[in-house]
Structures are given as C-alpha cells and as structure tokens.
Protein chains: 2
Amino acid sequence: MRDTIHNAILCGRYGPGDRLPRDADLADNLNCARSTVQRAMQDLSNSGLVERRRKGGTRVRSEPVTRATLNIPIIRREVEQKGARYGHQLIRRSQALPPRKVMAKFELSTPHHMLQVEALHFSNGCPYILEDRWISLKTVPEAREVDFTQQSANEWLLLNQPYSRCDVSLFAISANDRFADLLQVKIGVALFVVERTTWIDKAPITTVQAIATPGYQLLTRC
Amino acid sequence: MRDTIHNAILCGRYGPGDRLPRDADLADNLNCARSTVQRAMQDLSNSGLVERRRKGGTRVRSEPVTRATLNIPIIRREVEQKGARYGHQLIRRSQALPPRKVMAKFELSTPHHMLQVEALHFSNGCPYILEDRWISLKTVPEAREVDFTQQSANEWLLLNQPYSRCDVSLFAISANDRFADLLQVKIGVALFVVERTTWIDKAPITTVQAIATPGYQLLTRC
DNA sequence: TAGTGGTCTAGACCACCGG
DNA sequence: CGGTGGTCTAGACCACTAT
C-alpha cells in the first residue's frame with residue numbers, strides 16, 4: 001500500500017511546487033486509512049521529495065535536494081574490512097581549556113576543561129588518518145581514566161558514548177608541514193578532511209578533525 | 001511519548017550488541033501502544049543506533065555508524081542562497097562513447113552514445129564549481145535537444161529527471177594544469193570533489209564530477 | 001514452526017499556522 | 001479561527017527468520 005502511494009505520487013505528474021490533496025482525500029481515493037497515507041507521505045518528506053506543513057498542506061519541493069547518507073565507521077573496522085592490518089599511535093593526550101575555534105563548534109559560551117587527543121591511524125603500517133580531537137570532561141568524565149594507547153579515542157567514544165546530535169563538515173586542505181610530516185606525504189598535497197562534532201542532549205561530547213591521506217574516498221549509496 | 005522512548009533507550013545503558021525487550025514488552029513497561037514503540041524503534045533503526053530483525057529482536061548496533069545526511073542542492077540555488085550572483089558557462093558539449101571509467105561508474109558492460117557536458121559555475125563572477133558530466137542518451141534522449149547554455153545540465157537534470165538510485169563519492173585532489181586554469185587557482189591546490197552517479201530503475205542517467213574551488217565545505221546536521 | 005518486527009486500520013485528539 | 005498534518009491507540013494480520 002505504501003509503495004502504491006509512493007508510485008501514485010511519483011507518477012502522478014505533480015510538478016515542483018504543486019500542492020497535493022490532503023491526506024484524508026488521498027486516503028479516500030486510494031481506499032486506505034489516513035494513517036497509511038500519513039506514513040507514506042512522511043517517508044516522501046524524509047527523502048526530500050515533498051514538503052509538509054500544518055494547514056499549508058503537502059507540496060512537491062520546488063528545490064529538490066539530493067539526500068545522501070554517509071556511513072562514518074570506526075576507523076579500525078574500516079581498515080580491517082579492507083583486509084589491511086590496523087595500527088594506531090597516540091601522539092598527544094593533554095588537558096586544557098579549548099581554543100575559541102573548538103568552543104564555537106560546540107556552540108559553547110563558557111569554557112570548561114577538555115581533553116585534547118591526537119592520534120594516527122595506520123593501514124598496513126602506513127599512515128591512514130590523523131585525528132585531532134577534543135573531548136568534554138564535563139560531559140564525559142570517564143575519559144579521564146582512559147589513556148587511549150590501546151584503544152583509540154575514536155573507537156572508545158563510538159563504543160561507549162551514545163549521542164543525540166552530530167554535525168559533520170567535509171572539505172579539502174593542502175598539507176602543511178606538520179600534516180605532511182605525520183602523514184608522510186609531501187607538503188601541499190591535497191588531503192580530505194572530515195570534521196565531526198557530537199552532543200548528547202545539548203551537552204558537548206567531542207569534536208574531531210579526521211585528516212585522511214591521499215586516495216581516501218567517502219562513499220554512499222541511496 | 002516517542003521522545004520518552006528514545007531517551008529510555010539512550011539512557012537505558014544498553015551496551016553495544018545488547019538485545020532490547022520486544023516491542024510488546026516495552027509498550028507494557030512504558031504504558032503505551034505497541035505501534036508507538038514500533039514508530040520510535042523504527043526511528044532509532046533509521047538513525048543507525050539499533051538493528052531490528054524479525055524473530056531476532058532489536059539489538060543495539062555493535063558497530064555503530066554515524067549516519068550523516070548530505071544535502072546536495074542545485075548549484076545555482078546554493079550560490080543565490082548565500083546572496084551571491086550566480087553565473088554559468090558551457091565549456092564543452094559533445095557526443096561520444098564513454099571511456100571505461102564512466103562505463104564502470106554506471107556498471108555498464110555494453111557502451112552506448114552519451115553526451116559529455118563540461119561547465120563552470122560562478123559565484124559573484126568567480127569560478128565556483130567545475131562540472132564534468134556524462135549523460136546517457138539512451139535513458140535521457142531529451143537531452144539531445146537541450147543546449148545547456150541557458151540552463152546548466154545540473155539544474156536541467158535535477159528539475160526534469162527523477163532518479164531511483166544515487167551513488168556519491170567524496171574526495172580531495174590536487175589541481176592539475178587544466179583545473180587550475182579553469183578555476184583560476186594555483187596548480188597543486190587542494191580541491192574538494194563530489195562525484196555523483198544516478199540511475200532510474202537500473203538505467204544509467206548521468207555521472208558527474210563536481211570540482212569545487214578552495215574553501216568549499218559540505219555540511220550536514222543530524 | 002514459533003516468535004518477532006512490519007504494515008495496516010479506524011478512530012481520536014492535539015499542535016501548528018495561514019487566512 | 002478553522003484546516004491541515006502529527007501523534008497516539010488498540011487491535012488485526014502478515015512476513016520473515018532464528019532455533
């Protein structure tokens with residue numbers, strides 16, 4: 001039934017901006033319950049095809065968007081899944097008040113102590129991803145007791161700390177001296193960067209820059 | 001109620017791999033209808049926190065994934081939304097059999113004629129994104145009649161051609177001579193690339209490399 | 001095959017927001 | 001204010017799959 005409704009809309013030749021019938025009418029026409037239409041429309045709304053507003057009704061989006069879903073896995077798993085040998089090395093683990101840049105990412109106004117952790121992930125012994133992370137000790141005091149030499153912060157957090165909000169930013173940068181040195185590439189080489197910040201109920205958990213060596217690709221399918 | 005359930009699970013201290021009670025039991029404990037639990041769990045499943053299987057029950061994912069939803073808009077809209085002036089220039093429009101690389105992206109074994117379209121998108125007169133695209137004339141014969149000088153292929157396709165599958169790949173490259181020249185940047189500069197391939201029912205529609213000028217960021221929130 | 005989630009129904013009430 | 005979508009209920013039946 002849900003698929004019937006999806007097809008009815010997709011092939012119904014509604015143009016961008018057109019208003020669809022109200023759920024109740026669609027339910028009548030298609031001979032099904034309103035809650036069924038509601039579910040189907042909710043799906044279409046989630047996938048970005050349609051926009052719904054109380055009283056305003058349901059409209060076909062006039063500005064279609066491509067919604068791609070990224071899977072950002074535990075780095076160790078990612079490496080091992082490719083059949084490579086995973087390694088990881090802690091570069092720094094220190095406690096400090098975060099710089100303004102980190103505060104901004106967390107949308108915080110009053111600073112508190114955080115843990116800064118830098119680490120290198122290896123694939124078959126070669127540098128793979130450089131991770132520069134800040135962890136809020138107010139939200140995750142348990143992190144104080146973990147040394148992150150055996151298990152990476154990436155893995156420990158993903159396995160132990162649920163989150164309710166996550167911002168991601170993707171971009172490219174040229175390798176500076178430090179990145180070039182750590183990742184064993186030439187200065188100026190193009191590097192792919194994933195920046196991720198997570199919260200649990202508005203409380204900041206962690207923000208991380210993951211800088212990948214050349215050749216890294218992030219894939220999705222939808 | 002749905003939020004109550006979400007919180008109950010998030011704070012319920014279930015570890016990765018743990019099995020949750022069946023929907024029916026949760027409904028009893030939380031004093032609500034099973035369909036309410038079902039909806040809440042469906043959400044958690046969609047967001048990647050939990051895995052559900054008939055007869056197998058609901059488990060907290062042992063390999064948690066960060067699901068980030070990218071919005072890939074029409075480039076003109078993106079530029080205009082920033083308050084900038086949009087421009088666009090067709091660089092090439094030719095018909096040919098696609099190279100192996102393009103065939104591979106489409107997962108095709110037998111070649112057929114396609115349209116190759118290259119174009120530059122401008123923001124306030126400055127190069128913004130370089131687009132290198134192949135369009136299947138078998139699937140989209142209408143493209144033969146469009147010259148893409150007034151409306152970019154990016155916009156024409158998004159507005160006219162629905163798709164049912166979309167692969168996206170994200171990575172960084174260093175500007176070669178040609179990219180540097182077209183985008184007016186120095187050779188070797190880091191460029192952010194979005195590669196997108198779309199199908200309608202297994203029939204290839206288009207594959208495109210969108211190469212962005214330095215400073216470009218792709219953002220998500222979930 | 002039995003236990004679990006997936007979908008649907010028919011109805012109710014609520015929350016938002018446009019005219 | 002009234003019309004629309006958002007959420008919930010209590011129940012039914014179906015579809016998958018682990019045991």
Side-chain angles (χ1 to χ4, degrees), chain A residues 1-12 14-65 67 69 162 164-165 201 222, chain B residues 1-12 14-65 67 69 164 221-222:
Chain A
M1 190 72 241
R2 173 150 46 174
D3 290 339
T4 310
I5 297 178
H6 283 174
N7 289 333
I9 302 300
L10 283 169
C11 310
Y14 291 100
D18 285 0
R19 179 168 178 174
L20 305 183
R22 354 176 338 236
D23 292 3
D25 290 345
L26 276 176
D28 281 350
N29 294 339
L30 298 166
N31 227 3
C32 68
R34 183 172 85 90
S35 48
T36 304
V37 173
Q38 156 75 22
R39 218 175 329 103
M41 297 307 269
Q42 200 62 255
D43 288 350
L44 291 178
S45 175
N46 285 337
S47 69
L49 206 90
V50 124
E51 209 167 12
R52 283 158 76 74
R53 228 173 281 170
R54 285 158 154 134
K55 167 76 186 186
T58 304
R59 292 175 176 281
V60 178
R61 285 191 106 96
S62 50
E63 247 180 86
V65 286
R67 293 233 168 116
T69 302
S164 57
R165 182 185 156 198
D201 289 338
C222 38
Chain B
M1 190 74 239
R2 172 149 49 172
D3 289 339
T4 310
I5 297 179
H6 282 174
N7 288 334
I9 301 300
L10 285 170
C11 309
Y14 291 100
D18 285 0
R19 180 168 176 175
L20 304 184
R22 351 176 341 234
D23 291 3
D25 289 345
L26 276 177
D28 281 351
N29 294 338
L30 297 167
N31 226 5
C32 70
R34 183 173 83 89
S35 48
T36 303
V37 173
Q38 156 75 22
R39 220 175 328 105
M41 298 306 269
Q42 200 60 256
D43 288 350
L44 291 178
S45 174
N46 284 337
S47 70
L49 205 92
V50 123
E51 208 168 12
R52 283 159 75 74
R53 228 172 283 171
R54 285 157 155 137
K55 167 80 183 184
T58 304
R59 290 173 178 283
V60 178
R61 287 192 104 98
S62 50
E63 234 178 281
V65 285
R67 292 234 170 113
T69 302
S164 56
R221 166 158 179 190
C222 38

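Numbered from 1 within each chain, the chains take letters A, B, ... in sequence-line order.
- Applying the side chain to side chain contact (heavy atoms under 4.5 Å, CB included) test to B/Leu49 and every residue at least two apart in sequence or in another chain returns B/Leu10, B/Leu44, B/Ser47.
- Side-chain atoms of B/Arg22 lie closest to C/dT4 of the nucleotides C/dT4, D/dT7, C/dT7.
- Residues B/Arg52 and B/Ser45 have side chains that never bring a donor and an acceptor to within less than 3.5 angstrom of each other.
- As rounded to whole Å, 12 Å separates atom P of C/dT9 from atom CZ of A/Arg2.
- With the nearest nucleotide of DNA chain C identified for both B/Pro21 and A/Asp3, B/Pro21 has the one nearer the 5' end.
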Task: Footprint string (nucleotides 11-19 of chain C, 5' to 3'): B base within contact, S backbone only, - free, heavy atoms under 4.0 Å - done: -B--BBBB-

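- Distance CG (A/Leu26) to P (C/dT9): 13 Å, rounded to an integer number of Å.
- For CZ of A/Arg53, the number of neighbouring non-hydrogen atoms (other residues, nucleotides, ligands) closer than 6.0 Å is 12 at most.
- Sequence order on DNA chain D of the closest nucleotides to B/Arg39 and B/Arg59 puts B/Arg39 first from the 5' end.
- OP1 or OP2 of D/dT9 lies within a sub-4.0 Å distance of a side-chain N or O belonging to B/Thr36.
- Here the shortest heavy-atom pairing between A/Gln38 and A/Asp23 reads OE1-OD2, 3.5 Å.
- Remark: A/Arg54 engages no residue in a salt bridge (charged side-chain N to carboxylate O under 4.0 Å, His left out) (not counting sequence neighbours).
- Side-chain proximity of A/Asp23 to C/dT7, D/dC8, D/dG5: nearest is D/dG5.
- Distance, A/Leu44 CG to D/dG5 P: 13 Å, rounded to whole Å.
- Nearest heavy-atom pair across A/Met41 and A/Leu26 is CE-CD1, 4.4 Å.
- Remark: B/Gln38 is not in phosphate contact with C/dG5, judged by side-chain N or O atoms under 4.0 Å from OP1 or OP2.
- Summarising the geometry, the separation between CE on A/Met1 and C1' on C/dG6 is reported as 16 Å, rounded to the nearest angstrom.
- Spacing between atom CG of A/Leu30 and atom C1' of C/dC8 amounts to 14 Å, rounded to whole angstrom units.
- A salt bridge between B/Arg59 and B/Asp18 is absent, with no side-chain N of the basic residue lying under 4.0 Å from a carboxylate O of the acidic one.
- Residue B/Gln42 is in sugar-phosphate contact alone, with no base atom involved, counting any heavy-atom pair closer than 4.0 Å across all strands shown.
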